Amino acid sequence: MRLSRLSRTTLAVVAGLILVIVYVPLGVVLVNSFSTSTSLSWPPPGFTLEWWQRAFQSAGAMEAVGTSVFVAIIATAVALVLGTLISFALQRFDFFGRHTVNLLVILPIALPGIITGIALNNFFRTIMGVPLSIWTVVIAHATFCIVTVFNNVIARLRRTGTKLEEASADLGAGVWTTFRLVTFPQLRSALLAGGLLAFALSFDEIIVTTFTAGSGVTTLPIFILNNMFRPNQAPIVSVIAVVLVLVSIIPIWLAQRLSGDEQQRR
Amino acid sequence: MTMNATAPASARGAASDPPEPDRADTAPGGAPRRGIPRPKATPARRASVFLTAHPRVRLGFLLAAPLFWLGLVYVVALAALLVTAFWSVNSFTGEITTEWTLDNIITVLTGSLYQTVTFRTIGVALLVTIIDVALALPIAFYMAKVASPRARRLLVIAVLMPLWASYLVKAYAWRSVLSQDGILEWVLAPFGLHTPGYGLPATVITLSYLWLPYVILPIFAGLERVPDSLLEASADLGGKTWPTIRHVVLPMALPAIIAGTIFSFSLSLGDYITVNIVGGASQMLGNLVYTNVGAANNLPLAAAIALIPIAIIFGYLALVRRTGALDNL
């Protein structure tokens, strides 16, 4: 297929336009974070640094960031272990019910968050009889984060095959040694990519969190939702938004470096 | 992006361990045979041998923890929710009565409010999915097949970046873009046009915006897997651009496209927060579930409403399973 110059240009223009639409709203938030208007009116009547100063002094916001990081780290750790185990089971074995297990892993992310949310809320409070706390949020997040680790690891396992592990076993290495020296190094970047996604998913989750967080547990999304509609807090939400987008450059850069490294080695 | 290339390095790492001093095994003929040393029979070694010889036990170890977790936390919770749909709430005490009844299901299936909202929700989810695929196809195609490798990496970053920006931040961004004195009104007013304001159109716009990266990425990955040689073969055989796209590219990319639609469709189906932020007075299924769990304290009715999206998603997943889309998620 040879694309004419016209169709190449058209495609480039369309792609560029879509990117512009994608970035305009984020740009508006950036400008609003400096605006003197508290009601997000455009064009901004004036500019101020007040909101930035207040955001960094806001104890509520800082505490919410801490809570979110805590939840995301533990949920990611659990998801890494469970997701890796289940990828090995599904990729290396054929057993009765394999497709059902596969569906079971995808389900927490395929079903709308509100269903997972009310199901877990009901499960914790009525069936288990445990009060909602930060740990119920962690359990809920880990459940739907498994799938991101699973997707990355199983894709890697499909590509690497078992030849090297068999060679390692033939050379006398035990199951553990083979995993440590042969399997794990092959999985490392897939685990990092899956872990990053799981962290981001947990850090950003609002719906399931709403239903599983105990009173007093305020993750960053809950903080943002609570403050979004308050006139004097709305610009602070803009500041948090800008900081989040800027901070997100780090994981993207990491992910790109990872895949870049791999391409170079290839 | 294969890791095959790193494998030799790791294998070398394993092989460069200091070799144990060879213990001279004696071959049947009596002559000493030098070769791989026999490992010591430590407990770890015995466990290792046992596991190697018994793949089912290995499978059991691998599956036990994840199945316990998913089974207990998720399957039990989901099953309990489904069961609750067949119970009712005592209107005096607000307690759940565990007597079987079809009342909630009948209410949800026949009530005009629920029917209207169900059709509205499906409509919004379909529209969002169509918009997202229509936007994702050209940009994903440009990224995968037209752009130079350098431009491709930059584009991937550009598409990924909004994905990491918070969901709420993006919905909130659209709230300020679409507001009566927002940037859209400011841009459109000179042309005599106006912002749609908050309502169903705003919901569709915002949801399409939110899920767009989730649709672009699988489609991009799918298109990248279409070998260039096939496109050249099609051109050599006289295929023009459109026939090539229709008969070569689209069939190969279909599972990836469907994988993308699962995201946009399912995520739209259950959303209620975007609707709260930009939807004005219009409700979706998620809002009905939310009000019944929260303010109305009627979990059985909420569970019955929740059955609608569950049934739709399961139907959709069953429909697309044969296309191999689930492997592209």
Side-chain angles (χ1 to χ4, degrees), chain A residues 1-3 8 11 14-15 18-19 22 25-26 28-29 32 40-42 82 85-86 88-89 93 95 104 108 110-115 118-120 122-123 127 139 143 151 156 159-160 164 168 172 174-175 181-182 185-186 200 204 206 221 224-225 228 241 244-245 248 252 259 262 265-266, chain B residues 1-3 5-7 10-11 13-14 36 39 45 48 51 59 62-63 65-66 69-70 73-74 77-78 80-81 135 138-139 142 146 157-158 160-162 164-169 172-174 176-177 179 181-183 186 231 234-235 241 244 266 269-270 272 286 289 293 302 306 309 313:
Chain A
M1 179 180 66
R2 272 144 213 148
L3 285 172
R8 277 169 179 275
L11 263 177
V14 171
I18 294 172
L19 279 181
V22 165
L26 296 178
V28 170
V29 173
N32 273 339
L40 314 172
S41 63
W42 190 273
L82 296 181
L85 286 172
I86 208 155
F88 271 95
F93 295 89
F95 55 93
L104 194 58
L111 282 183
I114 189 162
I115 290 167
I118 58 172
L120 288 177
N122 180 42
F123 170 75
I127 302 177
I139 292 174
T143 307
N151 278 342
R156 177 63 47 83
R159 283 202 301 255
T160 52
L164 287 170
S168 162
V175 172
L181 296 175
V182 179
Q186 287 179 291
D204 191 27
I206 173 71
I224 294 178
L225 193 62
M228 193 179 278
L244 281 183
V245 177
S248 72
I252 295 173
S259 60
E262 278 172 33
R265 281 190 227 161
R266 181 162 60 177
Chain B
M1 271 191 273
T2 63
M3 277 295 288
T6 60
S10 45
I36 300 163
R45 185 76 216 171
S48 195
L51 282 177
L59 176 63
L62 288 175
L63 275 179
W69 183 288
L70 283 171
V73 177
Y74 202 66
L78 212 55
L81 185 71
L135 291 178
I139 193 167
Y142 183 80
V146 183
I157 295 179
L160 273 176
M161 190 116 109
W164 292 81
S166 147
Y167 160 97
L168 283 169
V169 165
Y172 175 73
W174 276 98
S176 57
V177 167
S179 82
D181 48 4
I183 186 170
W186 182 70
L231 304 185
S234 169
T241 308
T244 306
S266 152
L269 215 51
Y272 71 94
V289 176
V293 178
I313 298 278

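All chains are named by letter (A, B, ...) in the order of the sequence lines, taking the proteins before the strands, and each is independently numbered beginning at 1. Computed from a predicted model, the values in this text were never measured in an experiment.
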Worksheet item: With chain A, which of Leu51(B), Leu81(B), Leu135(B), Val293(B) has the greatest number of heavy-atom pairs at distances under 4.5 Å?
Response: Leu81(B)

Item to complete: Measure across Gln186(A) and Arg156(A) and return the closest heavy-atom pair with its distance rounded to 0.1 Å.
Response: O-NH1, 3.0 Å

Worksheet item: With only heavy atoms counted, which part of Leu59(B) is less than 4.5 Å from chain A, the side chain, the backbone, both or neither?
Response: both

Worksheet item: Under a 4.5 Å heavy-atom cut-off, does chain A meet the side chain of Ile183(B), its backbone, both or neither?
Response: both

Fill in: Leu104(A) vs Ile86(A), side chain to side chain contact (heavy atoms under 4.5 Å, CB included): CA-CA, chis, key distance, verdict
CA-CA 11 Å; Leu104(A) 194 58; Ile86(A) 208 155; over 6 Å; no

Item to complete: Mind listing the closest non-hydrogen atom pair of Met228(A) and Tyr172(B) along with its distance?
Response: CG-CD1, 3.1 Å

Discussion item. For Val73(B), which atoms come within 4.5 Å of any heavy atom of chain A: side chain, backbone, both, or neither?
Written reply: both

Item to complete: Please name the pair of heavy atoms, one in Ser168(A) and one in Val182(A), separated by the smallest distance, quoted to 0.1 Å.
Response: CB-CG2, 3.8 Å

Worksheet entry | Value rounded to 0.5 Å, distance of OG in Ser166(B) from CG in Leu244(A) | 6.0 Å

Practice prompt. Just give me the residue among Leu168(B), Val169(B), Val289(B) that pairs up with chain A most often, heavy atom to heavy atom, under 4.5 Å.
Written response: Leu168(B)

Item to complete: For chain A, find which of Ala65(B), Ala77(B), Gly270(B), Ala173(B) contributes the most heavy-atom pairs closer than 4.5 angstrom.
Response: Ala77(B)

Worksheet entry | Pairs of heavy atoms under 4.5 Å with chain A: top-ranked of Ala158(B), Pro138(B), Ala80(B) | Ala158(B)

Fill in: Options Gly182(B), Pro66(B), Pro309(B), Ala306(B), ranked by heavy-atom pairs under 4.5 Å with chain A, top entry
Pro66(B)

Response to the item:
Honestly, the part of Val28(A) sitting under 4.5 Å from a heavy atom of chain B is side chain

Discussion item. With chain A as the partner, which of Val146(B), Leu70(B), Val177(B) has the greatest number of non-hydrogen pairs under 4.5 Å?
Written reply: Leu70(B)

Fill in: Nearest atoms (heavy-atom pairs only) where Ala15(A) meets Tyr142(B)
CB-CD2, 4.0 Å

Discussion item. Which one wins on heavy-atom pair count under 4.5 Å against chain B: Ile224(A), Leu120(A), Thr143(A), Val29(A)?
Written reply: Thr143(A)

Worksheet entry | Residue part contacting chain A, namely of Tyr167(B), when any heavy atom lies under 4.5 Å | both

Worksheet item: Side chain, backbone, both or neither: which part of Ile18(A) has an atom under 4.5 Å from a heavy atom of chain B?
Response: side chain

Worksheet item: What are the two closest non-hydrogen atoms of Tyr74(B) and Pro108(A), and how far apart are they?
Response: OH-CA, 3.4 Å

Discussion item. Could you tell me if the side chain of Ile313(B) sits less than 4.5 Å from the side chain of Pro112(A), heavy atoms only?
Written reply: yes

Worksheet item: Is it the side chain or the backbone of Ile127(A) that comes within 4.5 Å of chain B heavy atoms, both, or neither?
Response: side chain

Worksheet item: Is it the side chain or the backbone of Phe88(A) that comes within 4.5 Å of chain B heavy atoms, both, or neither?
Response: both

Worksheet item: Considering only heavy atoms from C-beta outward, does the side chain of Phe93(A) approach that of Leu62(B) to under 4.5 Å?
Response: yes

Worksheet item: Is Thr244(B) reaching over with its side chain to a backbone N or O of Leu231(B), donor-acceptor style, under 3.5 angstrom?
Response: no

Practice prompt. For chain B, find which of Ala89(A), Gly113(A), Gly174(A) contributes the most heavy-atom pairs closer than 4.5 angstrom.
Written response: Ala89(A)

